[in-house]
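This report concerns only the one structure given below.
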Amino acid sequence: MKAAIYCRLSEEDRNKENKADDSNSIKNQKAMLLQYAAAQKWEIYDIYSDDDYAGADRNRPQFKRLLSDAEARKFDIVLCKTQSRFTRELELVEKYIHGLFPVWGIRFISIVDHADTDNKGNKKARQINGLVNEWYLEDMSDNIRSVLTSRRENGYHIGAFAPYGYQKDPQLRGHLVIDAEAAGVVREIFKMFAMGYGKSAIARSLNDRGIPNPTEYKRRHGIRYEGPHKSAETIWKYPAISHILTNEVYIGNLIQGKYGSISYKTKECRPRPREQWIRVENTHEPIIDQELWEQVQHKVASHAKPFGTTGRIHPFSGKVVCAYCGYAVRIHKAHGRYYLQCNTRQASKGMCPGAFIPMLELESILLTELKKLNNALIDQNELEKGLALAAGSEMQKGRILNDKIGYERKIEEQEKTLRQLYMDKVRGIVTETDYSELYECFYREKAKLEGLASQCHDELCGIDGKNRAEDKRVELVKQYMDCASFTKDMSDSLIDHIEIGHRDKKTGLVPVCIFWKF
């Protein structure tokens, strides 16, 4: 028998000599499991070890490798210290330990809590362990969230990265201290804007003098920074200047909790409403004095005017990006006309060819494309195809619904059989051994039928969703057909984003790629 040993530790071990070393706890787990395997005379196929990973993390590298090797039947046994070392999620307990491992011919054993899939009698105990571990994850998540909220409310900085211009105080956790070199650049940005320089002009000035942007600065100084280093991220751009000019951290205030996780089961975060943000004043030494801050904020507010003289909002705001560098373009006014232009070329020469198009030209292109789309929808042939498709869709729905009803009836029959089988065991008609074998057989068939019924349900939902999406598409297009100009409402309803390029000298056309929302 070949055994695969899996070890995991979620807390960072303070006794490591370097990051490459296994923690003492991991070493202890390995020693315990190796000794157990030797006593059983099992051959060790491999040792899989995830150090500093939580039990709810499904992307543990060695955990994923273990599952891949298990599916390939490279070993016969998965050996862990406890079931929670393998996973703390009940869903994964059912999926792998009780589901796929038996199919793959893999036996699961955890020696401390005596879990063993060869012992059918302790299946309920394994499920209870999984449920307890699930509760543990949820309680731990709530506790951590409450602790972090409390620290934020008390003015401590919670984050992996210090804001540009500051460093983490080595003497006091959660406190920020000024980084003199970077703080000098921050002061210069505020002073230049107060003197009348635009954000793009400030970025161009910093780039011309070779001053690294925040990410590049941290990388050069060996400070933790977010994301891998890329050459395109080494220059200053309009958004970085804009963010610095409106960030209250530079007057000594902390605003935190802008984003929050959806659930303890996922790392995905979403924006929170402004009223849920946590704002604490005077938490650290300011870089910018209050007078300069207020002067700059007044200028920022005065620059944020509605598009044009009509007061309407710029219809393509946040929708148009440069096809070359991927950054959002900005609106410019020259000789009484408005243009959309990529600022990367302005901020640093040679980094981007520069996307550029007059506002009216883009608006005309969009209205033309919208009319083409509408003509395609009202074309008689397209309508006939749509009717035929709808009829076929209804026939397909009918077949799937009949299959679903059939599966549900068979599930009811299996449940009746299982109940009857249990009564026969109680009456002594069926032996304990025969009952266990028959129960497993009927239960597997019932689970298979439930899976097929669920698949039918998903297919029905998919068909209905597709039909609703098509109806919505037609209504959306027809709704805006009589509009003489492209409005912000149209942009928000119809367009995901637009990519524009540089005008072709031969054709005289600007490449435009429209990504509709449907």
Side-chain angles (χ1 to χ4, degrees), residues 164 185 189 197-220 225-245 303-304 307 313-335 337-370 372-373 486 488 490-492 494-518:
Y164 179 70
V185 179
I189 290 171
Y197 286 88
K199 297 170 187 175
S200 294
I202 296 172
R204 186 164 54 250
S205 173
L206 296 174
N207 289 328
D208 289 344
R209 288 181 286 149
I211 297 175
N213 75 341
T215 300
E216 177 66 7
Y217 174 82
K218 291 181 179 181
R219 188 188 70 83
R220 291 184 184 182
Y225 66 99
E226 188 173 5
H229 170 62
K230 297 178 182 178
S231 59
E233 295 178 348
T234 63
I235 65 170
W236 287 92
K237 293 187 178 182
Y238 179 95
I241 303 297
S242 180
H243 174 72
I244 286 175
L245 291 172
H303 287 179
F307 161 68
I313 300 174
H314 169 24
F316 307 118
S317 176
K319 296 289 184 180
V320 185
V321 299
C322 174
Y324 309 113
C325 67
Y327 279 87
V329 302
R330 291 188 60 233
I331 186 170
H332 295 269
K333 184 178 180 181
H335 307 294
R337 298 181 67 187
Y338 291 92
Y339 301 87
L340 293 170
Q341 180 178 353
C342 175
N343 273 8
T344 303
R345 185 180 182 183
Q346 303 296 321
S348 180
K349 296 179 181 179
M351 291 295 298
C352 175
F356 183 86
I357 192 172
M359 178 83 74
L360 291 177
E361 184 176 344
L362 179 58
E363 190 172 14
S364 175
I365 291 172
L366 286 167
L367 290 173
T368 301
E369 292 300 315
L370 194 59
K372 289 180 182 178
L373 194 58
F486 213 84
K488 187 71 168 63
M490 292 171 66
S491 178
D492 290 340
L494 299 172
I495 295 174
D496 181 74
H497 70 280
I498 304 168
E499 292 181 358
I500 63 171
H502 192 72
R503 191 178 301 277
D504 190 294
K505 292 183 179 179
K506 293 182 179 179
T507 63
L509 300 176
V510 177
V512 176
C513 187
I514 306 166
F515 294 83
W516 303 99
K517 279 190 172 180
F518 41 81

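No hydrogens, no waters, no symmetry mates; every other heavy atom, side chains included, goes into these values. Along the sequence shown, residues are numbered consecutively beginning with 1.
Interatomic distance, Y324 OH to I500 CD1, rounded to the nearest 0.5 Å: 9.0 Å. Note: S205 OG to Y197 OH = 7.0 Å, rounded to the nearest 0.5 Å. In this structure, L245 CG and K199 NZ are separated by 6.0 Å, a value rounded to the nearest 0.5 Å. Rounding to the nearest 0.5 Å places CD1 of I514 at 12.5 Å from NZ of K319. Here CG of N213 is found 9.5 Å from CD1 of I241. Values are rounded to the nearest 0.5 Å. Distance check, rounded to the nearest 0.5 Å: CD of E363 to CG of L340 gives 10.5 Å.
The backbone N or O of P212 sits less than 3.5 Å from a side-chain atom of W236, completing a donor-acceptor pair. Within the 3.5 Å criterion, the main-chain N or O of L360 finds no donor-acceptor partner in the side chain of S364.
Proximity of V512 to L366: side-chain heavy atoms (C-beta onward) are nowhere separated by under 4.5 Å. Counting heavy atoms from C-beta outward, I357 and V320 have side chains that stay 4.5 Å or more apart.
One finds a salt bridge joining E361 and R503 here, because a Lys/Arg side-chain nitrogen approaches an Asp/Glu carboxylate oxygen to under 4.0 Å.
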request  = List the steps, then state whether side-chain contact (heavy atoms from CB on, under 4.5 Å) holds for V321 with E499.
outcome  = CA-CA 5 Å; V321 299; E499 292 181 358; 3.7 Å; yes
message = If you apply the rule side-chain contact (heavy atoms from CB on, under 4.5 Å), what do you find for I211 with N207, and how did you get there?
response = CA-CA 6 Å; I211 297 175; N207 289 328; over 6 Å; no
query = Please walk me through it: do L206 and I189 pass side-chain contact (heavy atoms from CB on, under 4.5 Å)?
reply = CA-CA 9 Å; L206 296 174; I189 290 171; 4.0 Å; yes
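P239 meets the side-chain contact (heavy atoms from CB on, under 4.5 Å) test with K237; sequence neighbours excluded.
In this pair, Y217 and Y164 present their aromatic rings perpendicular. The plane angle is above 60°, beyond the 30 to 60° band.
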